[in-house]
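Here the structure comes first, spelled out in structure tokens, and everything after it is commentary.
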Amino acid sequence: LVEPRGLIVYQFGDAPPPEREIMVTDYRGRALNVVRAEISTPLASARVTARDADADGHPRTRIAVQVAGDLPRGVHRGLVTIHTSDAAFPRLHVPLLIERR
């Protein structure tokens, strides 16, 4: 399970928006090994930050998404691609929408 299923980031003014988080939780009884995360736009970056478990003990990987502080005005779209070592789920995708007003 990937949460959130889509990520929307708004920027008001010149300060960069706060870091957002994507969580990948494996409910199959084994840990899904997240190898790396990347974003299709140079306006944001993603990195794997932690591996832990949810309240019920299911393995979970946290991915931090940071949007640049010097965004051009307007709406920008991208895709977060999460690469795993699991043959059944080699890539997971999260759509990204960034808007600066």
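When reading the values below, keep in mind they use all heavy atoms of this one structure, side chains included, and skip hydrogens, waters and symmetry mates.
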*Closest approach of Pro90 and Ala88, non-hydrogen atoms and distance?*
CD-C, 3.6 Å

*Please identify each residue that fulfils side-chain hydrogen bond (donor to acceptor under 3.5 Å, both in side chains) with Thr81, with sequence neighbours left out.*
His93

*Where do Val94 and Pro4 come nearest, in terms of heavy atoms and distance?*
CG1-O, 3.8 Å

_Arg5 side chain to Glu3 backbone, donor-acceptor under 3.5 Å_ = no

*Any link between Tyr10 and Leu96 through a network of hydrophobic side chains (Ile, Leu, Val, Met, Phe, Trp, Tyr) touching at under 4.5 Å?*
no

*Going hydrophobic residue to hydrophobic residue with side-chain gaps under 4.5 angstrom, can you get from Val48 over to Met23?*
no

*For Gly69, does its backbone N or O pair with a side-chain atom of Gln11 as donor and acceptor, under 3.5 Å?*
yes

*How would you list, by chain and number, every residue that makes a side-chain hydrogen bond (donor to acceptor under 3.5 Å, both in side chains) with Arg51, sequence neighbours excluded?*
none

_Tell me whether Gln66 contacts the main-chain N or O of Pro17 through its side chain, where contact means a donor paired with an acceptor under 3.5 Å._
yes

Taking only distance into account, with no hydrogens and no angle test, what donor-acceptor pairs under 3.5 Å do side-chain atoms of residues 70-79 form with protein atoms, sequence neighbours excluded?
{"unit_1": "Arg73", "atom_1": "NH1", "unit_2": "Arg101", "atom_2": "O", "d": "2.3"}
{"unit_1": "His76", "atom_1": "NE2", "unit_2": "Pro72", "atom_2": "O", "d": "2.8"}

*asked:* Out of the candidates Val9, Leu43, Asp14, only one should pair with Arg100 under the side-chain contact (heavy atoms from CB on, under 4.5 Å) rule; please name it.
replied: Asp14

*Compare all side-chain heavy atoms of Thr61 with those of Ile82 and state whether any distance is below 4.5 angstrom.*
no

